There are 2 protein chains.
Amino acid sequence: MNAFTVAKQTSMDAIDGLDTLDDWEDAVIDLFLHAANSFGLPKSYGQIYGLLFCRDHPLAMDEVLELLQISKGSASQGLRALRQLGAVSSVFAPGDRKERFVAESRLRKLVGGFLREQADPHLEKGLARLKQIESLVNYIQDVDARKRGARRHEILSGWHRQMSRLLPWVKMIVGKSDRLPQKSSD
Amino acid sequence: MNAFTVAKQTSMDAIDGLDTLDDWEDAVIDLFLHAANSFGLPKSYGQIYGLLFCRDHPLAMDEVLELLQISKGSASQGLRALRQLGAVSSVFAPGDRKERFVAESRLRKLVGGFLREQADPHLEKGLARLKQIESLVNYIQDVDARKRGARRHEILSGWHRQMSRLLPWVKMIVGKSDRLPQKSSD
DNA sequence: CAGTTTGTTCAAAAAAACTTGAACAAAATA
DNA sequence: TATTTTGTTCAAGTTTTTTTGAACAAACTG
């Protein structure tokens, strides 16, 4: 990258305001920071997603960490996790070695990714725990005590079944009319 | 409480095994510990709920903290929070000053309480943030930049609407056939 | 009313989660 | 191949959350 290119880009950014955060962008990033927290994700993930969500064009990792004032490590880990969740995807600009990132803005996809990466694994682990509980209950000698244990195992199995049923419905219901109808996208 | 009463209770507990935790109870408590964590609640809440869930009879706070080996403070705060969530309710045994607690085991109620105490407040806060974003977007001078902000606000508003729609469905779907049909309870 | 039981509060300690940045690796370039 | 660019890893540091327990308050009891 030569001096001319640097100068050109800097001035363009300054004109477009893309090398600083607008107040509304700060507010959006803050919204996602809190949203991430309430979904059990690190706040930096929310910040990164929020920034990309605001922008029309892909950002590279160094732009993200510069704009958000976070460390390289956070940016790297955050972007990887968000991609894993399907919340961001990377694009490679032709003739540029940098990987650039864009936010997925279809709620359906976001919810789907979250359920796949977070909810489904918990349900699987839960099933394993249920099996272990079942076998422990079978060792109980006292009849009444074993009945009590068995009853609890039944209840938990019922809950597990219901949660398993619920998730597909969530995927269905969310994303029925995603992104508002005006100006059809996708 | 006189010596006889103490001796009597101790022996009864020993016989029934109610003053120690069975292996299966440990496993159930551990299950709820992890579940609480994944719902963003302190693990002690999960432990307390799990213990009460295992037992047929109400437990007093001192029994809970003894069985789980947790502090008075944790037990007190945990029980209060769980009651607030509708996950436990307290009963007063006649002729006893102690408040005793039982777990709510209807998934519908648990989910309802969680949504009411956790999800609904988040949605409300989200709405407030959206309004603030909207007003910030209106201050943007540059037309294209304002369009970009307005578009983002629309998308977020759509998400908010969809999440608001989703929650009632969740309440409906969960608890359709709660607690397994056999041996009708409640 | 003095003593006991029951339960709450909250400052400090402990534990858990998150972030940082320097060292490292991989890939492109000269 | 030496150098630069880009990105990852992870031990150590920081922040946040949770737990503890001693002090306190309220309600009962003798």
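On a predicted model such as this, the values are computed, not experimentally measured, just so you know. In what follows, chains are A, B, ... by sequence order, proteins preceding strands, each numbered from 1.
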Query raised in the report: Closest nucleotide of DNA chain C for B/Lys43 versus for A/Tyr45: which of these residues is on the 5' side?
Result: B/Lys43

Query - Integer-rounded Å distance: D/dT8 P and A/Ile70 CD1 - result: 13 Å

Report task. For the pair B/Tyr49 and B/Phe32, name the ring-plane relationship: parallel under 30°, tilted 30 to 60°, perpendicular over 60°. Result -> perpendicular

**Report entry** Distance, rounded to the nearest Å, where A/Arg80 contributes CZ and D/dT9 contributes P
**Finding:** 4 Å

Requested in this report: Check if the side chain of A/Lys98 and the base of D/dG7 share a donor-acceptor pair of N or O atoms closer than 3.5 Å.
Outcome: no

Query raised in the report: When you look at A/Asp62 and A/Lys72, which way does the salt bridge (Lys or Arg N to Asp or Glu O under 4.0 Å) test go after all the steps?
Result: CA-CA 8 Å; A/Asp62 57 350; A/Lys72 232 177 160 189; over 6 Å; no

Query - Euclidean distance, atom CD of residue A/Gln69 to atom P of C/dG21 [Å, nearest integer] - result: 11 Å

Query raised in the report: Taking only side-chain nitrogens and oxygens of A/Ser44, does any of them come within less than 4.0 Å of OP1 or OP2 of C/dT19?
Result: yes

Query raised in the report: Side chains of A/His34 and B/Arg129: do they bring a donor and an acceptor to under 3.5 Å?
Result: yes

**Report entry** Gap between atoms CG and C1', on A/Leu65 and C/dC18 respectively (whole Å)
**Finding:** 17 Å

Report task. Could you tell me whether the phosphate oxygens of C/dT9, OP1 or OP2, come under 4.0 Å of any side-chain nitrogen or oxygen in B/Lys72? Result -> no

Report task. With DNA chain D as reference, determine whether B/Ser74 or A/Phe92 sits nearer its 5' end, using the nearest nucleotide of each. Result -> A/Phe92

Report task. Just compare D/dT6, D/dT8, C/dT8 and give me whichever is closest to any side-chain atom of A/Met61. Result -> D/dT8

Query raised in the report: Can you check the A/Gln47 CD to D/dT15 C1' distance for me, whole Å?
Result: 14 Å

Report task. Write down the distance between CG (B/Leu79) and P (C/dT6), rounded to a whole number of angstrom. Result -> 15 Å

Query raised in the report: Would A/Ser90 and A/Arg83 satisfy side-chain hydrogen bond (donor to acceptor under 3.5 Å, both in side chains), going step by step from the backbone distance to the final call?
Result: CA-CA 8 Å; A/Ser90 60; A/Arg83 188 168 39 192; 3.3 Å; yes

Query - Rounded distance in Å - CG (B/Leu41) to C1' (C/dA16) - result: 16 Å

Query - Closest to the A/Ser76 side chain, choosing from C/dG7, C/dT8, D/dT9 - result: D/dT9

Requested in this report: Take atom CG of A/Asp62 and atom P of D/dT5, then tell me their distance rounded to the nearest Å.
Outcome: 12 Å

Query - Phosphate OP1/OP2 of D/dG21 contacted by B/Ser71 side-chain N/O (<4.0 Å) - result: no

Report task. Find which nucleotide of DNA chain D each of A/Arg97 and A/Gln77 is nearest to by heavy atoms, and output the residue with the more 5' nucleotide. Result -> A/Arg97

Requested in this report: Side chain of A/Pro42 only, please: which of C/dT8, D/dT18, C/dT19 is the nearest?
Outcome: C/dT19

Requested in this report: Run the ring-centre check on A/Phe53 versus B/Trp159 and record whether the distance is less than 6.0 Å.
Outcome: yes

